[in-house]
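Contents: one structure, followed by commentary.
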2 protein chains.
Amino acid sequence: MAKKITIYDIAREAGVGIGTVSRVLNNNPSVTPETRTRVTEVAKRLSYQPHTYAQRLARQQSETISAVIPFFTSYFFMEVLRGVQEKVSEYGYDLVLYGVEHADEVESYVAKALRRGKVDGILFFSMKMPDRVLADLKESNLPVGLVDAVSPSFDSISVANSEGAYTATTHLLELGHRKVGMVNAQSMSTPALERLQGYRRALEEQGIPYSDSIVRCGKNTRHDGFNRDSGYEAMLDFIAMGPDMPNAFFISSDIQAFGAIAALNEKGLRVPEDVAMVGFDDIELARLMRLTTMRQPMFQMGVLAIERLVARMSHPEMEILHTTFSPTLIVRESCGALMTSEGTPSAKSRLR
Amino acid sequence: MAKKITIYDIAREAGVGIGTVSRVLNNNPSVTPETRTRVTEVAKRLSYQPHTYAQRLARQQSETISAVIPFFTSYFFMEVLRGVQEKVSEYGYDLVLYGVEHADEVESYVAKALRRGKVDGILFFSMKMPDRVLADLKESNLPVGLVDAVSPSFDSISVANSEGAYTATTHLLELGHRKVGMVNAQSMSTPALERLQGYRRALEEQGIPYSDSIVRCGKNTRHDGFNRDSGYEAMLDFIAMGPDMPNAFFISSDIQAFGAIAALNEKGLRVPEDVAMVGFDDIELARLMRLTTMRQPMFQMGVLAIERLVARMSHPEMEILHTTFSPTLIVRESCGALMTSEGTPSAKSRLR
DNA sequence: CTGAAAGCGCTAACAC
DNA sequence: GTGTTAGCGCTTTCAG
């Protein structure tokens with residue numbers, strides 16, 4: 001530790017008071033150019049480094065934003081986090097990360113985070129938080145932002161899950177499929193629930209009765225079920241239905257779609273010839289796998305979340321804002337839309 | 001902000017001195033059980049929250065560890081970060097994240113991080129840092145750990161890149177391939193360089209002359225080149241060689257391998273029938289894609305990195321430790337090893 | 001414009 | 001055991 005140089009050292013060395021030193025360090029205009037340069041030089045010569053926590057204590061603010069995220073259940077968070085990180089550092093804040101696996105951990109975390117002055121703002125990702133926690137948070141008056149989650153009391157950035165699922169399902173229906181199943185994630189997850197609703201609405205709008213029997217979630221429900229294995233198992237389950245199996249699927253996430261494809265391939269079934277599918281997320285590999293999917297502007301969501309949070313930090317009374325992004329349909333080959341009119345896929349269309 | 005309750009408030013309310021309050025709050029044994037409970041109760045009643053930064057200032061320690069990572073150039077970092085996060089919170093530290101895109105950003109970051117007392121330790125990921133920065137760091141005496149990078153002056157956790165590449169290439173060679181090419185990342189990246197060396201050594205050991213002409217890095221060298229597009233373009237380049245193209249490849253990362261497969265498929269070439277390949281990393285999707293690859297224990301690396309760092313924080317004089325993990329070969333189908341003796345892949349072996 | 005002094009909230013050494 | 005006091009290093013009045 002470079003000998004702990006404090007403003008006292010540089011004050012003495014420069015022959016001024018600590019107040020003046022603090023002023024030049026903080027670019028306070030009321031300092032003579034001469035003193036300013038003198039102080040600046042001494043500071044540099046002594047390679048002075050302000051003590052972060054002393055500043056934070058005196059200023060009564062942390063210059064820190066924290067993000068509480070389900071660590072890391074998916075690629076989705078990583079992308080959003082990139083946006084968050086970029087913006088946070090642009091604003092000059094520190095980003096502290098908290099990973100939680102279960103909802104109950106959130107509570108203990110919130111308690112710690114609420115330590116007075118610890119953070120200037122918090123972002124919660126995809127968390128279904130207990131009402132009491134929500135109440136505590138609200139009462140604390142701490143700026144809070146929700147990402148991929150919604151609550152009336154806080155700003156939120158989310159995706160129109162229901163709408164996206166509706167679009168995806170409708171796309172499949174319009175391609176002529178009548179029996180469209182759904183591979184879903186854990187129904188306790190809000191996005192999963194909303195996507196299910198969208199799927200259902202699309203079906204009903206086309207006069208197709210909804211049936212629980214063609215909606216599955218893999219047994220392997222580690223975390224929220226938005227994972228490869230869950231998709232794999234759900235599809236295996238469908239395949240076991242034999243001839244009754246749907247020939248088209250809306251799948252609640254790309255990663256699950258990949259699992260489903262693996263299951264299909266293993267059983268000798270091909271996409272899109274034997275079964276068509278559309279995913280959700282548009283993660284990087286979706287393009288590679290030629291998966292038709294619903295794109296979410298993940299990075300943008302992260303950026304916006306921080307912008308909103310920072311805005312609220314400076315204007316606490318600002319009215320609560322809920323922003324919803326509409327996912328867009330990215331047509332690739334897994335849905336079969338690019339098949340030739342003869343009903344066989346074009347050379348490039350055959351998935352993988 | 002719940003009215004800023006301080007230890008003074010609770011001292012007054014409980015009829016004791018702030019010293020005592022501090023003691024019970026810090027579980028200092030020298031307090032009568034009676035006073036202890038009394039103080040505890042008052043604290044709870046007032047829902048007291050210690051001020052983090054006041055504590056840190058007084059204690060002269062930050063209880064914070066920071067991680068500087070190329071944000072997020074790949075899945076690799078995310079996995080390691082999961083291990084890091086888990087361990088950090090287990091130790092009760094805060095994790096602050098810094099994302100850097102270019103090497104020069106590292107310097108300015110280090111300057112900020114070195115602000116006296118800001119962090120108790122830093123982890124640098126895959127960074128090739130200027131010597132001067134290294135020197136500053138060393139001089140600062142701050143506990144530092146390197147992940148996926150090595151320097152004589154600091155603890156490090158890394159992977160035997162050369163060895164892994166050697167194993168991968170040898171595997172291909174032993175499968176009977178004589179013309180084994182390599183798709184590499186940016187040669188400025190240390191891992192990329194090391195993997196190249198391992199590849200080369202394997203070749204030469206089998207008496208096959210090394211040739212620059214069958215080692216490529218995609219033009220699209222965003223970041224360090226460990227990305228899908230780089231693999232895609234490199235392979236397109238190879239395909240352009242026509243009949244001279246190698247029929248087997250060691251590819252420096254899985255994600256690049258996926259890009260390469262996409263390029264191959266686009267041109268009507270199949271894996272492993274037309275070209276065999278083995279990747280590096282064993283990211284989640286590798287299993288799904290049936291990619292033979294070299295597995296790195298990413299999560300474990302993160303865990304170990306923190307354990308080491310924490311150890312060094314308490315024993316600064318501990319001798320410097322370099323830990324190297326040997327990647328293990330995971331044989332799946334992309335290398336063709338699972339083909340039937342007739343030379344055609346088994347039903348399940350055909351990639352995708 | 002600038003020096004002195006009073007905090008910011010907590011820890012820890014020191015008496016009683 | 002427990003109260004008192006002196007910092008931790010910086011910001012911010014408040015005089016002058």
Side-chain angles (χ1 to χ4, degrees), chain A residues 1-40 42-43 46-64 94 112 114-120, chain B residues 1-40 42-43 46-64 94 112 114-120:
Chain A
M1 307 299 178
K3 271 296 140 34
K4 320 180 151 205
I5 307 286
T6 73
I7 53 174
Y8 286 89
D9 298 314
I10 109 151
R12 181 168 14 83
E13 203 76 3
V16 300
I18 62 164
T20 303
V21 175
S22 176
R23 286 185 198 103
V24 345
L25 259 26
N26 290 295
N27 277 4
N28 182 318
S30 57
V31 182
T32 317
E34 289 85 74
T35 22
R36 173 177 300 285
T37 58
R38 184 150 41 93
V39 170
T40 308
V42 177
L46 269 37
S47 61
Y48 166 79
Q49 294 286 25
H51 187 115
T52 316
Y53 302 117
Q55 288 182 311
R56 292 184 181 177
L57 176 58
R59 290 180 181 153
Q60 289 295 81
Q61 54 154 346
S62 68
E63 296 162 308
T64 296
D94 273 353
K112 263 190 292 186
L114 254 36
R115 271 157 151 39
R116 245 161 349 98
K118 178 130 182 212
V119 299
D120 290 341
Chain B
M1 308 297 179
K3 271 297 138 34
K4 314 181 158 207
I5 308 285
T6 73
I7 52 173
Y8 286 90
D9 299 315
I10 109 149
R12 184 170 10 85
E13 202 76 4
V16 299
I18 62 164
T20 302
V21 175
S22 176
R23 286 185 199 101
V24 345
L25 258 26
N26 290 293
N27 277 4
N28 182 317
S30 57
V31 183
T32 317
E34 290 84 74
T35 25
R36 173 178 300 285
T37 58
R38 185 149 40 94
V39 170
T40 309
V42 177
L46 268 38
S47 61
Y48 166 79
Q49 295 285 25
H51 187 115
T52 316
Y53 301 116
Q55 288 182 312
R56 293 184 180 177
L57 177 57
R59 289 182 180 150
Q60 289 295 83
Q61 54 151 355
S62 68
E63 296 162 308
T64 295
D94 273 353
K112 263 189 292 185
L114 255 34
R115 271 156 151 40
R116 248 160 344 100
K118 177 122 184 221
V119 300
D120 290 339

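Everything numeric here is computed off the predicted structure, so don't read it as measured data. All values below were derived from every heavy atom in this structure, side-chain atoms included, with hydrogens, water molecules and symmetry-related copies excluded. Protein chains get the first letters and strands the later ones, always in sequence-line order, with residue 1 at the start of each.
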Which is true for B:V16 with a 4.0 Å heavy-atom rule: it touches a base, it touches only sugar-phosphate, or it touches nothing? sugar-phosphate
Ignoring hydrogens, what is the shortest heavy-atom contact between B:K4 and B:D9? Give both atom names and the distance. O-OD2, 3.5 Å
Each nucleotide in nucleotides 6-13 of chain D should get exactly one letter: B, S or -. Can you fill that in based on protein heavy atoms under 4.0 Å? -BBBBBBB
B:S30 near the nucleic acid: base, sugar-phosphate alone, or nothing, with a heavy-atom cut-off under 4.0 Å? base
Is the closest side-chain heavy-atom distance between A:Y48 and A:L25 below 4.5 Å? yes
Can you tell me how far P of D:dC14 sits from CG of A:N28, to the nearest Å? 15 Å
Rounded to 10°, the helix from C:dC1-D:dG16 to C:dC16-D:dG1 deviates from straight, judged by its five-pair end axes, by 40°
Nearest-0.5 Å distance, CG of residue A:D120 to CD of residue A:Q60: 11.0 Å
Not counting sequence neighbours, which residues clear salt bridge (Lys or Arg N to Asp or Glu O under 4.0 Å) with B:R115? List them please. none
With a 4.0 Å cutoff (strictly under), does any side-chain N or O of A:T35 reach OP1 or OP2 of C:dT2? yes
Whole-Å gap separating P (C:dC10) and CD (B:E63): 14 Å
Using a 4.5 Å cut-off on heavy atoms from C-beta on, say whether the side chain of A:R23 contacts that of A:T35. no
Atom NZ of A:K118 and atom P of C:dG9: how far apart are they, to the nearest Å? 17 Å
Of the non-hydrogen atoms in B:Y53 and A:T64, which two are nearest, and what is the gap between them? OH-OG1, 3.8 Å
Quickly, which of A:T40, A:V39, A:T32 forms a side-chain contact (heavy atoms from CB on, under 4.5 Å) with A:R36? Name it, please. A:T40
When you compare the side chain of B:R59 with that of B:N26, does any pair of heavy atoms fall below 4.5 Å? yes
